[in-house]
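Since the model is a prediction, treat every value here as computed from it, not as a measurement. Reckoned from all heavy atoms, side chains included, excluding hydrogens, waters and symmetry mates.
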Amino acid sequence: MIGAFANILGRLTLNAFPHDPITIGGAVFMVGSFLAVMGMVTYFKRWKWLWKDWFTSLDPKKIGVMYMVVALVMLVRGGIDALMMRAQQATSVGASHGILSSNHFQQVFSAHGTIMIFFVAMGLMFGLINLVLPLQLGARDVAFPFLNSMAFWLFVAGMILVNLSLFIGEFSAAGWLAYPPLSELHYSPGVGVDYWIWSLQIAGIGSLLSGINFLVTIFKMRAPGMTLMKMPMFAWSVLGAMTLVIFAFPILTATLALLFLDRILGTHFFTAGGGGNAMMYVNLIWAWGHPEVYILILPAFGVFSEVVATFSRKMLFGYKSMVWAIWAIVFLSFTVWLHHFFTMGAGADVNAFFGIMTMIIAIPTGVKIFNWLFTMYRGNIHFATPMLWFLGFIVLFTIGGVAGVLMAVPPADFQFHNSLFLVAHFHTMIVSGVLFGDFAGIMYWFPKVFGFRLNERLGKYAFFCWLVGFILAFVPLYILGLMGATRRLDHYSASLGWQPLFIVAGVGALIIALGVALQILQFIVSFVLRDNTRDNTGDPWNGRTLEWSTPSPAPFYNFAHIPEVSTKDAFWAMKQRPKNEKDKELPYHDIVLPQNTGVGVYIAAGAFLFGFCMIWHIFWLAALSLLGIIILAVIRTSRDSHEQVVSASMVERIEAERLRGGEAV
């Protein structure tokens with residue numbers, strides 16, 4: 001009887017639950033936090049409101065907010081992992097072996113990289129795009145609203161799988177990109193690598209769906225008169241990034257599938273002993289991985305373009321060159337992936353080509369930086385918090401870029417490869433180029449979504465903690481890398497003299513953690529004192545693009561009248577027109593919007609269950625889950641109508657209330 005029950009549950013046994021004290025502590029903390037949130041929602045009787053107004057909503061603004069919430073929660077989780085690694089490296093020296101076992105350290109290392117790239121940076125990016133892109137284009141929605149909802153909930157399903165490894169089983173110890181042979185079954189026989197595969201596979205499919213959705217939105221949903229060369233620069237950056245998503249993410253999907261087949265069916269795509277080639281995996285993963293860097297960074301560049309123009313009170317300098325720079329980056333990003341493994345022995349000719357291409361891709365990035373600086377030149381600069389995030393980006397990104405060009409030289413990379421110098425470079429580019437951009441975007445567009453501005457003083461305190469903390473945390477890693485310290489290092493000899501630098505890096509990580517705490521406090525204080533910073537104009541920053549032409553918060557239909565565009569910086573041009581041209585009264589019309597639906601939630605739940613069952617080899621339940629997903633998709637696509645009509649009279653009433661000082665619905 002027990003054996004039959006075991007077969008039903010595949011590899012899942014009581015031994016799958018954590019036994020390590022730190023893991024148990026983390027699991028208890030997360031369960032306690034989850035139960036506390038559930039208790040609050042129950043106490044305030046908000047379950048129906050959450051389901052009806054948020055979880056089933058197809059409004060991209062609400063989906064964007066949910067992306068942000070999930071990503072910021074995961075930022076805290078990934079930050080805790082970083083603090084644990086810094087504590088281990090500062091204390092595990094000589095006779096002391098620190099706070100973590102070697103295997104646990106490698107799991108924390110793998111989880112940190114996976115979470116920060118896939119569930120923080122990607123989440124913040126898609127959140128900002130959902131919040132802003134339709135408004136900037138003068139559209140009422142995205143091209144495929146249901147696809148948008150399903151993509152978000154697949155992202156959530158992947159996130160839950162990553163965190164579930166804390167409670168049941170373990171996470172991968174093979175690094176955040178799971179190189180073979182370490183990720184093959186012989187060296188990683190547990191479920192950790194499988195958790196990594198399926199969390200990324202499910203979330204990655206959601207990202208691919210989002211890429212298709214936003215690409216079609218840009219091409220088909222622009223306001224009348226908005227040609228491509230009149231689009232805001234943020235929209236251009238999204239177009240470039242989503243093009244990369246469509247070409248790069250199928251590579252990730254196929255690579256993960258091949259690795260899983262190696263593990264579950266005994267194929268040998270990447271096992272050298274069976275005729276496979278581990279370097280094929282490395283080529284494939286970085287053929288996705290380097291475009292992924294620009295998938296994350298291009299939208300952040302778009303944010304900086306909007307922020308610099310707005311707070312310099314000037315039109316963006318070199319609009320056409322900025323557009324061409326985006327597309328140069330898009331094209332060149334697929335020609336540089338091999339610089340991640342110059343040491344593989346591809347030969348001098350191959351290394352030289354990829355080294356040269358790596359140097360060339362720095363040129364369009366440099367064009368952007370100089371254009372931003374020229375935009376500021378002789379501008380009336382307002383040093384609001386979003387502008388500070390931009391200035392911090394300029395300082396750190398330039399340092400990281402110089403280090404990147406240095407590593408683009410293959411002989412130099414032979415020395416720096418697999419060292420902490422590379423880790424410091426990567427973090428300099430991603431934190432300054434992605435996170436700083438996302439934080440600037442949150443500060444900048446927050447009033448458009450919620451109707452009040454975030455606290456400036458706490459925002460500036462948080463920025464300086466991030467800036468100072470980052471310098472203290474990662475400059476020592478550059479030095480340690482030059483001294484020979486390798487990445488994934490969990491213990492070292494006292495005679496090397498590295499501990500003081502690791503301690504400084506740990507102090508820097510604590511200062512960054514203080515910055516995160518201040519950001520959380522900023523949200524809380526801003527909400528409590530929201531009446532003091534409420535935006536009644538819809539245009540708190542004197543903006544230039546169409547999103548600022550709507551009230552704050554923007555109504556669920558975005559625009560009562562679809563605007564007509566005749567130039568770049570469309571809203572700025574509208575504000576410059578004579579008053580009598582602005583106040584023409586137009587009749588209201590019925591607005592057609594998609595109906596809310598919970599099918600995206602159900603499909604994602606089925607995908608989560610399918611992934612969990614594949615991890616634990618519960619194949620009968622995996623088959624039922626897959627069947628359920630197919631049935632849900634068929635039911636959704638077979639329905640005749642998915643739309644609701646907002647009557648002209650209701651739109652008129654909402655707009656009248658707004659004009660009288662009432663809040664937009």
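Between the side chains of Trp445 and Glu306, not a single donor N or O lies within less than 3.5 Å of an accepting N or O. Tyr444 and Thr310 share a side-chain donor-acceptor pair at under 3.5 Å. Side chain to side chain, Thr42 and Trp47 meet the donor-acceptor criterion of an N or O pair below 3.5 Å.
A distance-only check finds a donor-acceptor pair linking the side chain of Thr217 to the backbone of Ala143 [under 3.5 Å]. With Ser647 contributing its side chain and Met650 its backbone, the two residues share a donor-acceptor pair below 3.5 Å. Checking side-chain atoms of Gln644 against main-chain N and O of Pro594 turns up a donor-acceptor pair under 3.5 Å. In this structure, the side chain of Lys460 does not engage the main chain of Thr385 through any donor-acceptor pair within 3.5 Å. Between the side chain of Asp569 and the backbone N or O of Thr545, no donor-acceptor pair lies under 3.5 Å. Proximity of a side-chain donor or acceptor of Asp535 to a complementary backbone N or O of Phe452 within less than 3.5 Å is not detected. Formation of a donor-acceptor pair under 3.5 Å by the Lys314 side chain with backbone atoms of Asn380 is not found in this model. Judged purely by atom type and a 3.5 angstrom limit, Asn558 uses its side chain to pair as donor or acceptor with the backbone of Ala139. Between the side chain of Asp141 and the backbone N or O of Pro60, no donor-acceptor pair lies under 3.5 Å. Checked by atom type and distance alone, the side chain of Ser57 never pairs as donor or acceptor with a backbone atom of Trp54 at under 3.5 Å.
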Practice item. Walk me through it: do Phe118 and Trp288 pass the test ring-ring contact (aromatic ring centres under 6.0 Å, His included)? Key: CA-CA 13 Å; Phe118 290 94; Trp288 159 82; 5.4 Å; yes
Exercise for review: Go through the steps for Trp236 and Tyr319 under the test side-chain hydrogen bond (donor to acceptor under 3.5 Å, both in side chains), then give the verdict.
Suggested key: CA-CA 10 Å; Trp236 269 114; Tyr319 178 93; 2.9 Å; yes
Exercise for review: Kindly determine whether Thr56 and Trp51 satisfy side-chain hydrogen bond (donor to acceptor under 3.5 Å, both in side chains), including the steps that lead there.
Suggested key: CA-CA 6 Å; Thr56 62; Trp51 177 258; 4.9 Å; no
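The side-chain tip of Arg530 points at the ring of Phe527 from less than 6.0 angstrom away and within 45° of straight on. For Arg636 and Phe146, the positive end sits near the middle of the six-membered ring, less than 6.0 Å away and at most 45° from its axis.
Residues Trp372 and Phe301 place their aromatic rings such that the two centres sit under 6.0 Å apart. Taking the six-membered ring for Trp and the full ring otherwise, Phe55 and Trp153 have centroids separated by under 6.0 Å. Two rings, from Phe374 and Phe317, have their centers less than 6.0 Å apart. Remark: aromatic rings of Trp389 and Phe439 are close, center separation under 6.0 Å. Checked against the 6.0 Å centroid threshold, Phe155 and Phe119 count as a close aromatic pair.
The structure places CD1 of Ile246 at 11.5 Å from CZ of Phe214, a figure rounded to the nearest 0.5 Å. To the nearest 0.5 Å, atom OG of residue Ser321 and atom CD1 of residue Ile326 are 10.0 Å apart.
Counting all heavy atoms, side chain and backbone alike, Ala309 lies closest to Thr375 at CA-CG2, 4.1 Å. Looking at every heavy atom in both residues, Lys448 comes nearest to Pro551 through NZ-O, 3.4 Å. Across Ala560 and Arg140, no two heavy atoms sit closer than the pair O-NH2, 3.1 Å.
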